[in-house]
Amino acid sequence: MRGMSKKGLTPQGEDFSAWYNELVYEADLVDLSPVRGSFVIRPYGYALWENIQRDLDAMFKATGHENLYFPLLIPMSFFEREADHVEGFSPELAVVTHAGGKELEEPLAIRPTSETIIGELYSKWVQSYRDLPLLYNQWANVMRWELRTRPFLRTTEFLWQEGHTAHATAEEALEETRRMLDVYATFARDYAAIPVVEGEKTEGERFAGAKQTLTIEAMMRDRKALQSGTSHYMGENFSRAFDITFNDVNNEQAYAHTTSWGFSTRFIGAIIMTHGDDAGLILPPKLAPHQVVIVPISRRNDDEATARVTAEAQRLATSLAEVGVRVKVDEREGMSPGWKFNEWERKGVPLRIELGPKDLEAGTVLLADRLSGEKDTVAIDQVASRVPGLLEAFHERLFERARVFRDEHIFEAETYEELKEKVEHGWVYATHCGDPESEARIQEETKATVRCIPLEGPSAEGTVCVHTGKPSGYARKVIFAKAY
RNA sequence: CGGGGCGUAGCGCAGUCUGGUAGCGCACCUCGUUCGGGACGAGGGGGUCGGAGGUUCGAAUCCUCUCGCCCCGACCA
């Protein structure tokens with residue numbers, strides 16, 4: 001399957017999932033670990049994550065949040081305090097039963113998410129309405145013992161951030177839930193060039209212990225949906241379970257309203273599957289580890305020309321770095337330029353500069369665009385001034401391509417037959433009654449689930465459920481789609 | 001846990017049926033020629049054939065037991 005012996009990836013159209021599996025290894029994003037289900041994130045993949053962290057973190061700070069860090073281990077009993085939460089997470093907990101050579105009195109769960117342990121401490125930190133809101137976030141690893149795993153999309157251990165906030169009123173907490181969903185949607189659009197649909201999860205798809213779960217859903221190039229970030233309103237569920245109470249302005253005791261919101265390394269999967277093509281990754285410039293790669297081209301038997309090319313490549317790289325471009329000069333020996341072109345295309349670098357003796361004589365470079373595949377001649381002394389704008393434009397084109405693709409594959413269905421047919425080709429808006437049993441039946445029969453009740457979209461007014469004929473359970477038509 | 005497949009060099013595989021010097025491609029190392037879309041030649045290094053037991057003069061190959069991994073299904077950011 002894998003292996004550099006073979007020249008290209010399996011084409012997306014032939015087997016999308018094979019394409020994905022090969023690409024994550026061939027682009028040096030991940031490697032297998034000795035423990036099944038967990039993966040090593042290699043430097044190129046981790047650099048992507050670091051860029052995601054940097055930009056998202058800035059957005060969290062800008063919305064008033066502070067970072068902190070909670071421990072990895074959580075007493076088992078904490079999970080039992082919230083009925084839905086324990087039911088949702090028990091099956092996938094990894095538990096430490098022995099330590100220091102002895103069996104522990106109380107087993108410790110490796111966090112699958114931190115609501116419980118954070119709730120325990122929030123109860124201590126919140127006494128008065130003056131202590132609220134608490135607006136905290138942590139960057140952490142979590143573990144969920146999944147049966148079927150895939151790099152980035154579903155791994156037993158994954159990296160994420162989890163925001164946990166506590167508020168005096170439901171209104172404030174609901175606002176926070178929505179605000180952070182918008183942060184995710186904005187990040188996806190402005191940094192990853194991924195268009196998303198914002199919506200609410202139905203009861204069955206809601207986070208274990210939440211009153212409301214909001215989601216951003218992105219369409220992959222196989223037209224399946226990927227839940228790419230979630231934001232939950234917990235109501236008083238966790239504050240009652242963990243006794244997060246405070247005295248309000250009237251000196252009356254009240255329960256805090258809490259939220260949590262998370263965004264994980266799964267999003268790297270979204271980037272891969274939203275933008276990638278048969279040649280490999282196409283990375284959004286703002287998150288790409290290298291925005292520009294310079295491939296110097298030598299000439300046979302001419303050390304002097306080679307030296308000049310190398311020197312010019314370095315000079316060019318410096319001038320690009322000075323205008324804030326992340327640039328890499330590929331000076332590796334023993335590989336032909338063609339080999340390097342293919343490699344950087346596979347790795348999704350937005351722009352490639354080819355610089356050889358001919359260019360030096362003409363005072364130009366060849367600038368290759370990963371998205372269009374086109375090459376343009378650009379004067380060397382204009383490269384540094386033009387590249388930032390080209391990267392900006394690259395981002396816009398990438399987003400637009402994804403947006404058009406998505407919009408071309410969203411349909412609307414009036415009948416169940418229509419839903420069954422259209423969901424084979426993309427996402428489908430349809431009216432649903434909201435009955436969980438009906439939802440389950442539809443999933444059995446079509447493999448599609450309700451991804452969300454979109455915050456914007458066709459109204460359900462005057463329509464009835466495509467499956468049961470009952471009145472709509474929601475104000476809008478829901479989105480049915482096959483999902484990761 | 002059900003169904004399917006596979007363990008032989010770093011990776012991908014052949015060899016197993018029919019027992020007899022452990023091979024191929026890629027990768028790696030050295031030297032030379034190359035370098036504008038996955039270069040070529042010559043030389044070289046690398047293996048307890050997943051593990052244990054058995055049959056045999058002789059086992060990657062046959063027998064028994066075991067361990068592990070991958071793929072498909074039931075749960076999920």
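Naming: A, B, ... by sequence-line order, numbering from 1 per chain. Values in this document were obtained by computation on a predicted structure and should not be read as measured data.
Counting any heavy atom pair closer than 4.0 Å across all strands shown, Glu146(A) reaches a base atom. Within the 4.0 angstrom heavy-atom criterion, base atoms lie near Ser264(A). Counting any heavy atom pair closer than 4.0 Å across all strands shown, Thr155(A) reaches a base atom.
Across all strands shown, C75(B) forms no Watson-Crick or G-U wobble pair with both distances under 3.5 Å. Across all strands shown, C69(B) pairs with G5(B); the Watson-Crick or G-U wobble distances both stay below 3.5 Å. Across all strands shown, A52(B) pairs with U64(B); the Watson-Crick or G-U wobble distances both stay below 3.5 Å. Remark: C35(B) base-pairs with no nucleotide in the shown strands. Criterion, Watson-Crick or G-U wobble with two distances under 3.5 Å. The partner of U18(B) cannot be assigned: no Watson-Crick or G-U wobble pair with both contacts below 3.5 Å exists in any strand. Across all strands shown, C26(B) forms a Watson-Crick or G-U wobble pair with G10(B), both key distances being under 3.5 Å.
Side chain to side chain, Gln138(A) and Ser114(A) meet the donor-acceptor criterion of an N or O pair below 3.5 Å. At a cut-off of 3.5 Å, with distance as the only test, a side-chain donor of Ser33(A) or Ser38(A) sits close to an acceptor on the other residue.
As a whole-Å value, the separation of Phe158(A) CZ from A77(B) P is 8 Å. Between Phe39(A) atom CZ and C69(B) atom P there is a gap of 12 Å when expressed in whole angstrom units.
Minimum interatomic distance between His232(A) and Ala210(A) (heavy atoms only, all atoms of both residues): CB-CB, 4.0 Å.
Taking atom C1' on both nucleotides, U21(B) is separated from G15(B) by 14 Å, rounded to a whole Å. Rounded to whole Å, the separation between the P atoms of C11(B) and G43(B) comes to 27 Å. Nucleotides C40(B) and U34(B) are separated by 8 Å at their C1' atoms, to the nearest Å. The gap from the P atom of G23(B) to that of C69(B) amounts to 31 Å, rounded to the nearest Å.
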Checking ring-ring contact (aromatic ring centres under 6.0 Å, His included) for the pair Phe152(A)/Trp49(A): CA distance, chi angles, key distance, verdict?
CA-CA 11 Å; Phe152(A) 298 121; Trp49(A) 180 240; 9.2 Å; no
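Taking the six-membered ring where tryptophan is involved, the planes of Trp160(A) and Phe158(A) are perpendicular, since the angle between them exceeds 60° and thus also 30°. The aromatic rings of His432(A) and Phe480(A) sit perpendicular, their planes meeting at an angle over 60°, well past the 30° parallel limit.
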In 5'-to-3' order, the base (B), backbone-only (S) or no-contact (-) status of each nucleotide in nucleotides 31-37 of chain B, using a 4.0 angstrom heavy-atom cut-off, is ---SBBB
For residues 66-73 of chain A, run the donor-acceptor check on the side chains, cut-off 3.5 Å, and write out each pair with its distance to 0.1 Å, sequence neighbours left out.
from, atom 1, to, atom 2, distance (Å)
Asn67(A), OD1, Asn137(A), ND2, 2.9
Asn67(A), ND2, Asp57(A), OD1, 2.9
Tyr69(A), OH, Arg111(A), NH2, 2.6

